[in-house]
Amino acid sequence: MNTRTDDGFSLVEVVIAMFLFMILAVATLPLTVQVISTTAVNRDSLTATAFAKSQLAKIQAAYPATPGSTTSCTTLRAMQSSPPAVDTASGFEATVTVGACPAAFPASVAVHVTVSDHGDPLTSLTTRVRVGAA
């Protein structure tokens, strides 16, 4: 008697398996595209926040909160008119906005840094800086 053993896959079984893999791939493709897009947005947001924090750190270093400091509100407000700082790695721009000078000194003034990418705002951070004179 002649008996046949099943030694492998037939062509039909291979085609069916490929079809099932194709359906799975098509089902997960939109999710993959969304994950890649979200990753890019998160990377830009993280870079912009780090750049804004570095700009605020520079301002806070120039205006220490020590008693008797001779920092002036006028020089702090002059930062507003300077051109925006540019991050060379990402091309992001940081603009500084300074709040109104108080009537009595010493006092603190709000400093706001906004980071944008070609005019589109990405993030903004605010801190207060101590000034000792007008």
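All of these numbers come straight from a predicted model, not from anything done at the bench.
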Throw together a table of side-chain donor-acceptor distances under 3.5 angstrom for residues 28-37, partners on residues two or more places apart or in other chains.
unit_1	atom_1	unit_2	atom_2	d
Thr28	OG1	Leu24	O	3.2
Thr28	OG1	Ala25	O	3.2
Thr32	OG1	Thr28	O	3.0

Restricting to side-chain contact (heavy atoms from CB on, under 4.5 Å), what partner residues turn up for Pro102, sequence neighbours left out? Cys73, Phe105, Ala107, Val109
Going by side-chain hydrogen bond (donor to acceptor under 3.5 Å, both in side chains), name the residues that satisfy it together with Asp44, two or more places apart in sequence or in a different chain. none
Shortest non-hydrogen contact between Glu93 and Val86, atoms and distance: CG-CG2, 4.0 Å
Apart from Val12 itself, members of its ILVMFWY cluster (side-chain separation under 4.5 Å) are Ile16, Leu20
How many angstroms lie between CG in Asp87 and OG in Ser90, if you round to the nearest 0.5 Å? 3.5 Å
Using a 3.5 Å cut-off and no angle test, enumerate the donor-acceptor pairs between side-chain atoms of residues 114-124 and protein atoms at least two apart in sequence or in another chain.
unit_1	atom_1	unit_2	atom_2	d
Thr114	OG1	His112	NE2	3.4

Please give me the minimum heavy-atom distance between Phe51 and Ala94, naming the atom from each residue. CE2-CB, 3.5 Å
Considering all heavy atoms, the nearest Gly99-Arg77 contact: O-NH1, 2.7 Å
Return each pair, listed once, that meets disulfide bond (SG atoms under 2.5 Å apart) where at least one residue sits in residues 103-134; pairs must be two or more places apart or across chains. none
All N/O donor-acceptor pairs, side-chain side in residues 55-63, below 3.5 Å, sequence neighbours left out:
unit_1	atom_1	unit_2	atom_2	d
Gln60	NE2	Thr127	OG1	2.8
Tyr63	OH	Thr75	OG1	3.0
Tyr63	OH	Leu76	N	3.1

Contacts satisfying side chain to side chain donor-acceptor pair (under 3.5 Å) that involve residues 94-109 (not counting sequence neighbours) are Ser108-Arg128
For Gln80, the side-chain hydrogen bond (donor to acceptor under 3.5 Å, both in side chains) test, sequence neighbours excluded, returns none
Quick one: closest heavy-atom pair of Leu125 and Ala52, and the distance? CD1-CB, 3.6 Å
Under the rule for side-chain contact (heavy atoms from CB on, under 4.5 Å), what residues qualify as partners of Val14, not counting sequence neighbours? Phe9, Met18
